Amino acid sequence: MPLTLLREHHPLSSAVEQLKLLADTNGYSPFETRLDQAGHFPLRATGMTVFQINVGKLCNQTCRHCHVDAGPDRTERMSRETAEQCIQALAKTDIPTVDITGGAPELNPNFRWLVEQAHGLGRHVMDRCNLSVLLIPSEAGLADFLATHCVEIIASLPSYRAGQTDAQRGEGIFEKSIEALHRLNQLGYGQPDSGLTLNLAYNPVGAFLPPKQEAIEAQFRKELRARHGVEFNHLYTITNMPISRFLEFLVESGNYEQYMERLANAFNPTAAAGVMCRYTISVSWDGTLYDCDFNQMLDLPVNHGAPAHIRDFDPVQLNQRQIVTRNHCYGCTAGTGSSCGGTVA
Ligand code: SF4
């Protein structure tokens, strides 16, 4: 299994180094200039309808494109105290959706408690699941638990072919993913009228933009059904963000400049108006508040006067905050935009 950038002591494990690299716009305009030309600068929140909780960086996989630099050696994890502050903050609002992510969020000892509490408050809960975690012996009963609490699952699957999936997510991961998908289908996930939603997330294996969502969704449905008897509800396409391990991949493979230009050339003002940070608040494992999971990984907390820790959660101020934007934001505004809105484990 590859090591995380942090474990390798790689310079790009540092958010400061990533931001330095991203700030150098050679051959394209800075993101905020394009945003301004499109009449969207400064970008402002339009309210909060998604409460995203990133419970930490521990994961049982070390996928090549992970923007969290998650892996088995990461020790950052949300404490019960911070988890309780999240639920107290959530209870002060009517935010309808709670989106739990990581790492592999299920490996946090407070994951099930968070799901129970959010579900108990009547909120719709989403779990960004890497699928293989459902097969870990210590996580026995996890799939049933998710079904009992009607948790929507968003699972990453970059290909319906084993070779491509394993190349991005690790040796043997495709086979485990299919086994986990079968288990979820047996519980009713992805089946008509079950009320249990199973969505897949596709991100390109290389330095290119995702194809049109409808076409690739139809292709995945046909191939997964025919080859493996797997059913799912929807497939979302995600643009790989030029941060963390994908950034390192771009630099190492000599694709960085070309990829950034490709993202900038595909800037779409309509996608810019609808970026997820405008309706999301993202809480990190230590309780710091961010506009999105990507800003979280770049150490760019909410700014411009809004309170930046969950213990000071102030829905009125946060609902109208100015969003912190940098050049990685081109990943959200390219083409039709990333439709899935955030981390997929
Ligand atoms: S990276 Fe974050 S802040 Fe930038 S546009 Fe995307 S969601 Fe918004």
Side-chain angles (χ1 to χ4, degrees), residues 12 15-16 18-23 25 28-54 65-69 95 97 99 101 126 128 154 201 203-204 209-210 236-247 250 256 259-260 262-284 288-306 308 318-344:
L12 289 176
V16 172
Q18 293 179 57
L19 287 167
K20 245 192 245 169
L21 183 60
L22 286 161
T25 53
Y28 61 94
S29 306
F31 179 76
E32 293 185 346
T33 304
R34 294 297 295 277
L35 205 56
D36 199 20
Q37 287 164 351
H40 296 306
F41 184 79
L43 199 59
R44 288 208 167 270
T46 52
M48 292 182 285
T49 56
V50 178
F51 191 97
Q52 186 172 63
I53 308 174
N54 188 317
H65 294 173
C66 180
H67 74 271
V68 178
D69 195 25
I95 298 174
T97 299
D99 178 353
T101 187
M126 292 159 56
R128 309 258 171 180
I154 301 189
N203 62 310
L209 301 185
Y236 299 126
T237 51
I238 300 179
T239 302
N240 285 313
M241 293 299 273
I243 59 179
S244 195
R245 291 214 285 265
F246 189 67
L247 180 58
L250 290 172
Y256 173 68
Y259 187 73
M260 290 306 294
R262 195 170 284 162
L263 290 182
N265 289 339
F267 177 81
N268 173 359
T270 309
V275 281
M276 65 169 173
C277 47
R278 303 194 76 186
Y279 54 85
T280 300
I281 189 73
S282 172
V283 192
S284 76
T288 307
L289 300 178
Y290 297 84
D291 297 309
C292 71
D293 205 53
F294 306 119
N295 285 8
Q296 194 176 131
M297 299 314 145
L298 288 171
D299 284 347
L300 296 170
V302 293
N303 203 337
H304 311 291
L318 290 167
N319 271 336
Q320 54 197 8
R321 73 193 187 276
Q322 182 180 328
I323 308 291
V324 178
T325 46
R326 296 285 189 278
N327 293 324
H328 65 287
C329 298
Y330 272 125
C332 288
T333 56
T336 51
S338 260
S339 57
C340 184
T343 314
V344 175

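Just follow the structure's listing: the first ligand is 1, and inside any ligand the first atom is 1. Being a predicted model, the structure only gives us computed values, none of them experimental.
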Are a donor atom and an acceptor atom from the side chains of Gln52 and Thr280 found within less than 3.5 Å of each other?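 No, because no side-chain N or O of Gln52 sits under 3.5 Å from a partner of the opposite role on Thr280.
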Is it true that His67 and Asn240 share a donor-acceptor pair across their side chains at a distance under 3.5 Å?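 No pair is found: no donor N or O on one side chain lies under 3.5 Å from an acceptor on the other.
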Proximal ligand 1 atoms for [X], defined as those under 4.0 Å from one of its heavy atoms:
| X | answer |
| --- | --- |
| Met276 | 7 (S) |
| Asn295 | 2 (Fe), 3 (S) |
| Val324 | 3 (S) |
| Ile323 | 3 (S) |
| Cys292 | 1 (S), 2 (Fe), 3 (S), 7 (S) |
| Met241 | 1 (S) |

What is the closest protein heavy atom to atom 8 (Fe) of ligand 1, and at what distance does it sit?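 Protein heavy atom with the smallest distance to atom 8 (Fe) of ligand 1: Cys277 SG, 2.3 Å.
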Closest protein heavy atom (residue, atom, distance) for atom 6 (Fe) of ligand 1: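 Ranking protein heavy atoms by distance from atom 6 (Fe) of ligand 1, first comes Cys332 SG, 2.3 Å.
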Under a 3.5 Å distance rule, please check whether [X] uses its side chain to pair with a backbone N or O of [Y] as donor and acceptor.
| X | Y | value |
| --- | --- | --- |
| Asn319 | Met48 | yes |
| Arg44 | Gln320 | yes |
| Arg262 | Tyr259 | no |
| Tyr256 | Leu21 | yes |

For Asp299 against Ala15, the heavy-atom pair lying closest together: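 Distance-wise, the nearest heavy atoms are OD2-CB, 3.7 Å.
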Please find the pair of heavy atoms, one from Pro204 and one from Ile238, that lie closest to each other, and give the distance.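 Taking every non-hydrogen atom into account, CD-O, 3.3 Å.
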With a cut-off of 2.8 Å, does Cys329 place any N/O/S atom under that distance from atom 8 (Fe) of ligand 1?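 Under 2.8 Å: Cys329 has no N, O or S contact with atom 8 (Fe) of ligand 1.
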Contact check, [X] vs ligand 1, heavy-atom distance below 4.0 Å:
| X | result |
| --- | --- |
| Leu43 | no |
| Arg326 | no |
| Asp291 | no |

At less than 2.8 Å, would any N/O/S atom of His328, backbone or side chain, sit next to atom 2 (Fe) of ligand 1?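 No, His328 does not qualify, because none of its backbone or side-chain N, O or S atoms lies under 2.8 Å.
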Point-to-point distance, once rounded to the nearest 0.5 Å, from CG of Leu250 to CE of Met260: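 Separation between the atoms: 9.0 Å.
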